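As structure tokens, the structure follows; a few thoughts come after it.
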Amino acid sequence: MKGLKVFLHLEEKILEIVKAMVEQNFVLVDKETQCDVFLTDVYTIKHQGPVNILVVDSTKLPEFKGVDDLLGFEHYVIFNEMSFLEERIRKALLRHEKIMYDQKNDDNYTGVNALIDLKDTTLENGYKLPLIRHFVVKSSSDRKLMAEYLEKFFEEIETISGFKNPVVVQYAIEIQEELLMNAIWDANPKHSQQFRSIPVELLPEEEVTLQWAFNGKELAISVKDPFGRMDPEVMEKYISFIFRTGKSVEHSLNNQQKVSAGLGMYMIIQRANLLSVFICSGRITDVGVVLIIKEGKRSSAITSKAIDIIKV
């Protein structure tokens, strides 16, 4: 049978909701040996071969302080709302299904399309969603312009949805700035050793792709570079951070260059609901974030978060 095969190893209160979603959209299997994706809420259980997804109730985060064996999962979903858990797992499974069956078209499993639902919708006030914007960043000086454009994009969001939260707008702008700096300098072997204060002009084959999308409840930002140099192990420190282990570990961006845990990625994890890193070695690094747009709610206070680390 064609379709992503999913095995569930979950406690009862989670299982009921997730099982119904999997049965509706994918293929639920009853043997671990049959699955493409192994989905569990027990961090000590991982399987070779399948994609491993760990789900954690946010109230249980204190239990993970000092835990060493958190690595080895492609997705980490920390939730305080069942709706968030169900939606994040569904998007993760959809992404892997597209990777498995549609590898010819990167746009199906990278960019904003892979982060949030982008179904055409007409609101009662006549406005149409989703809002999607696409840019090509050709130099480091473009960053200022992209920040201005993102602020105007939020004005469109306000007109359509009534959402107005200057804190979230500032968070989004700061996150975008960090992602663009990483893509322009750190990802590019020509510029990775330069100070970020040194202006950079990118060759056509070095240009960075920036996307935004708003579907009425979520804002997605995707920054894609054409190098695919990031080592997934660089994410280990951020996994430890989100699980509050309090450890500081040095990791390598590639085999030659050592990097320390920068404040930038920590800031993103604190403020975004999703940090997604997709790596196709030597070809693509696509880093995306999702902010749930809620009137009057500070993103830093939201405990529903997810990290995706996908390497193909």
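Remember, it's a predicted structure, so these values are computed and weren't measured experimentally.
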Under the criterion side-chain contact (heavy atoms from CB on, under 4.5 Å), I'd like the reasoning laid out for Val290 against Leu219: C-alpha separation, chi angles, the key distance, then a yes or no. CA-CA 6 Å; Val290 173; Leu219 171 72; over 6 Å; no

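- Applying side-chain contact (heavy atoms from CB on, under 4.5 Å) to Ile221 and the options Val112, Val287, Leu210 leaves one that passes, Leu210.
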Set out, in order, the CA-CA distance, both residues' side-chain angles and the distance that settles side-chain contact (heavy atoms from CB on, under 4.5 Å) for Arg88 and Leu274, then state yes or no. CA-CA 9 Å; Arg88 274 314 330 152; Leu274 168 68; 3.4 Å; yes

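- In this structure, the side chain of Asn125 engages the main chain of Ile160 through a donor-acceptor pair within 3.5 Å.
- Proximity of the aromatic rings of Trp212 and Phe135 is defined here by a centroid distance below 6.0 angstrom, and this criterion is met.
- Of the possible polar contacts, none joining the Glu177 side chain to the Ala147 backbone as a donor-acceptor pair under 3.5 Å is found.
- Side chain of Lys305 to main chain of Ala272: a donor-acceptor pair is present (N/O by atom type, distance under 3.5 Å, no hydrogens or angles).
- A side-chain donor-acceptor contact under 3.5 Å links Thr110 and Lys224.
- Side chain to side chain, Ser304 and Asn273 fail the donor-acceptor criterion of an N or O pair below 3.5 Å.
- Remark: the Arg196 side chain and the Asn182 side chain contain an N/O donor-acceptor pair separated by less than 3.5 Å.
- A donor-acceptor distance shorter than 3.5 angstrom exists from the side chain of Glu74 to the backbone of Asn52, with no hydrogens or angles considered.
- Remark: the backbone N or O of Leu94 is not paired with any side-chain donor or acceptor of Glu97 at under 3.5 angstrom.
- Annotation: side chain to side chain donor-acceptor pair (under 3.5 Å) contacts involving residues 12-28, sequence neighbours excluded, comprise Lys13-Asp57.
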Evaluate the side-chain contact (heavy atoms from CB on, under 4.5 Å) criterion for residues Ile310 and Arg95: first the C-alpha distance (whole Å), next the side-chain angles of each, then the deciding distance (0.1 Å), finally the verdict. CA-CA 10 Å; Ile310 306 170; Arg95 194 174 197 180; 3.7 Å; yes

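- Taking the six-membered ring wherever Trp is involved, the centroid distance between the rings of Phe84 and Phe79 does not fall below 6.0 Å.
- At distances below 3.5 Å, not a single donor-acceptor pair connects side-chain atoms of Asp286 with backbone N or O atoms of Phe278.
- Taking the six-membered ring where tryptophan is involved, the planes of Phe154 and Phe163 are tilted, since the angle between them lies from 30° to 60°.
- For the pair Ser161 (side chain) and Thr159 (backbone), a donor-acceptor distance under 3.5 Å is absent.
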